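To start, the structure under review is shown below, and the notes come after it.
Computed over heavy atoms, backbone and side chain alike; hydrogens, waters and symmetry mates excluded. The structure displayed is predicted, hence computed values, not measured ones.
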Amino acid sequence: MQSLESETFLQPDYLRLGNPKQQELWEDLEKWKILKNLIGFKPTLAGTIPINIDTETSDVDILVKYNVPSHLQKICYAKFRNFANYSFSEKTISLRVTLICRFSTPKFQYEIFGQSLEPTEQYAWIHMMVENRFLSMANENFRETIRELKRSGLKTEHAFCEALALKGDPFKTLLLWNQKSDDEYRDLLSKNGF
């Protein structure tokens with residue numbers, strides 16, 4: 001499967017023409033009006049399903065930007081509280097107040113991840129862009145290797161670092177790769193047989 005350009009991911013329409021799981025996600029988002037209900041918060045899909053490295057247990061990540069935390073909390077409560085497994089929590093992640101809303105439709109588990117940053121400046125987005133670049137330059141074995149590592153219990157960032165023999169904190173390490181050149185990507189992939 002051809003990897004998509006970063007701008008493509010900003011409009012979820014690409015899911016309609018994607019693989020069967022992506023098409024199913026598109027239908028679910030439309031049926032339950034999930035993105036429409038979050039429109040004032042710039043909802044942006046991230047995670048493994050958009051870049052086709054999801055496994056059977058992958059959830060759907062939606063990054064949002066809030067200006068007033070209580071506003072996001074009220075909208076989530078109003079729109080999603082009647083879904084299964086609804087929860088809403090507040091955490092501090094990388095020194096930022098982060099609001100997390102979880103719920104499930106019959107087909108997918110969702111996690112809305114809200115910060116006061118634009119979705120495209122949040123770490124989850126940057127990680128996905130870095131992962132997408134690796135996938136677009138690697139051979140097809142790489143995608144399957146990542147899936148197998150994820151099935152064995154590794155988080156996505158850890159799976160990439162394991163496959164590419166990258167040391168250090170996987171979350172920070174992948175952020176650093178956002179600054180690297182295509183040649184550096186290709187070099188690392190070929191060193192590791194991808």
Side-chain angles (χ1 to χ4, degrees), residues 1-29 43-63 93-94 98 100 102 104 107-113 115 119-194:
M1 178 182 158
Q2 184 61 36
S3 289
L4 302 166
E5 293 299 314
S6 60
E7 296 76 39
T8 307
F9 292 107
L10 293 172
Q11 300 299 327
D13 304 27
Y14 68 88
L15 295 169
R16 278 188 307 189
L17 306 171
N19 64 34
K21 179 88 163 265
Q22 290 169 336
Q23 291 177 26
E24 193 177 13
L25 174 56
W26 170 258
E27 288 165 14
D28 207 56
L29 289 165
T44 305
L45 292 170
T48 57
I49 296 174
I51 57 174
N52 190 26
I53 53 167
D54 50 289
T55 63
E56 300 70 25
T57 58
S58 294
D59 64 1
V60 180
D61 298 324
I62 302 173
L63 307 180
I93 298 177
S94 304
T98 303
I100 299 170
R102 292 188 177 102
S104 304
K107 292 193 173 173
F108 290 95
Q109 291 179 301
Y110 288 89
E111 181 175 287
I112 298 166
F113 190 91
Q115 292 187 325
T120 53
E121 293 170 15
Q122 294 181 27
Y123 288 169
W125 174 267
I126 297 168
H127 288 158
M128 185 175 82
M129 291 300 98
V130 167
E131 292 155 7
N132 187 55
R133 271 179 83 190
F134 276 120
L135 290 162
S136 69
M137 294 181 207
N139 60 36
E140 198 50 39
N141 295 342
F142 184 63
R143 191 179 300 276
E144 267 320 300
T145 300
I146 296 297
R147 278 208 183 97
E148 285 309 312
L149 288 166
K150 285 175 61 55
R151 284 189 185 107
S152 76
L154 290 183
K155 286 183 173 290
T156 306
E157 293 81 1
H158 294 72
F160 273 81
C161 289
E162 176 80 21
L164 296 167
L166 291 168
K167 303 285 179 249
D169 177 325
F171 296 101
K172 291 179 180 156
T173 300
L174 285 190
L175 289 178
L176 296 174
W177 275 85
N178 196 37
Q179 309 302 321
K180 302 213 183 245
S181 69
D182 286 358
D183 287 343
E184 289 172 290
Y185 274 73
R186 287 190 195 97
D187 188 40
L188 183 64
L189 285 162
S190 70
K191 264 189 209 157
N192 290 283
F194 300 113

Heavy-atom closest pair, residues Ala124 and Ala46: O-CB, 4.4 Å
Rounded distance (nearest 0.5 Å) linking atom CG of Leu25 with atom OG of Ser58: 11.0 Å
Approximate separation, where rounding is to 0.5 Å, of Leu189 CG and Asp182 CG: 10.5 Å
Go through Arg133 and Trp177 one step at a time and tell me if the side-chain contact (heavy atoms from CB on, under 4.5 Å) criterion holds. CA-CA 10 Å; Arg133 271 179 83 190; Trp177 275 85; over 6 Å; no
Only counting residues at least two apart or in another chain, list the ones meeting side chain to side chain donor-acceptor pair (under 3.5 Å) with Ser104. Asn85
Inter- and intrachain pairs under side-chain hydrogen bond (donor to acceptor under 3.5 Å, both in side chains), touching residues 147-158, at least two apart: Asn52-Arg147, Glu56-Arg151, His127-Glu157, Glu144-Arg147, Glu148-Arg151, Lys150-Thr156
Could you list the donor-acceptor pairs under 3.5 angstrom formed between side-chain atoms of residues 159-172 and any protein atom two or more places apart in sequence or on another chain?
| unit_1 | atom_1 | unit_2 | atom_2 | d |
| --- | --- | --- | --- | --- |
| Asp169 | OD1 | Phe171 | N | 2.7 |
| Asp169 | OD1 | Lys172 | N | 3.3 |

Do Leu174 and Tyr123 come close enough that some side-chain heavy atom pair is under 4.5 Å? no
Residue that, paired with Leu45, satisfies side-chain contact (heavy atoms from CB on, under 4.5 Å) out of Asp61, Leu29, Leu10, Leu63: Leu29
Using a 3.5 Å distance criterion without hydrogens, assess whether the side chain of Glu111 forms a donor-acceptor pair with backbone atoms of Arg102. no
Contact list for residues 123-132, test salt bridge (Lys or Arg N to Asp or Glu O under 4.0 Å), sequence neighbours left out: none
Could you tell me whether the side chain of Pro50 reaches within less than 4.5 Å of the side chain of Phe9, counting heavy atoms only? yes
Rounded to the nearest 0.5 Å, how far apart are CG of Asp187 and CE of Met137? 12.0 Å
Pairing residues for Asp54 by the salt bridge (charged side-chain N to carboxylate O under 4.0 Å, His left out) criterion, not counting sequence neighbours: Lys21
Holding to side chain to side chain donor-acceptor pair (under 3.5 Å), I want the full list of residues that pass it with Tyr110, two or more places apart in sequence or in another chain. Asp28
Between the main-chain N or O of Ile49 and the side-chain N or O of Gln22, is there a donor-acceptor pair closer than 3.5 Å? yes
Quick one: are Trp26 and Tyr14 in side-chain contact, heavy atoms under 4.5 Å? no
Trp125 and Thr44, any side-chain heavy atoms less than 4.5 Å apart: yes
Report the distance from atom CG of Asp183 to atom CZ of Arg186, rounding to the nearest 0.5 Å. 6.0 Å
Indicate yes or no: at least one non-hydrogen side-chain atom of Ile51 is less than 4.5 angstrom from one of Leu135. yes
Would you say the side-chain atoms of Asn192 pair up with the backbone N or O of Phe194, donor to acceptor, closer than 3.5 Å? no
So how far is it from Thr48 OG1 to Ile146 CD1, rounded to the nearest 0.5 Å? 11.5 Å
So does Glu24 get a backbone contact from the side chain of Glu27, meaning a donor-acceptor N/O pair under 3.5 Å? no
Please walk me through it: do Asp59 and Phe108 pass side-chain contact (heavy atoms from CB on, under 4.5 Å)? CA-CA 7 Å; Asp59 64 1; Phe108 290 95; over 6 Å; no
Between Phe134 and Phe142, what is the ring plane arrangement, given parallel below 30°, perpendicular above 60°, and tilted in between? tilted
Here the gap from Thr55 atom OG1 to Leu149 atom CG, rounded to the nearest 0.5 Å, amounts to 11.5 Å
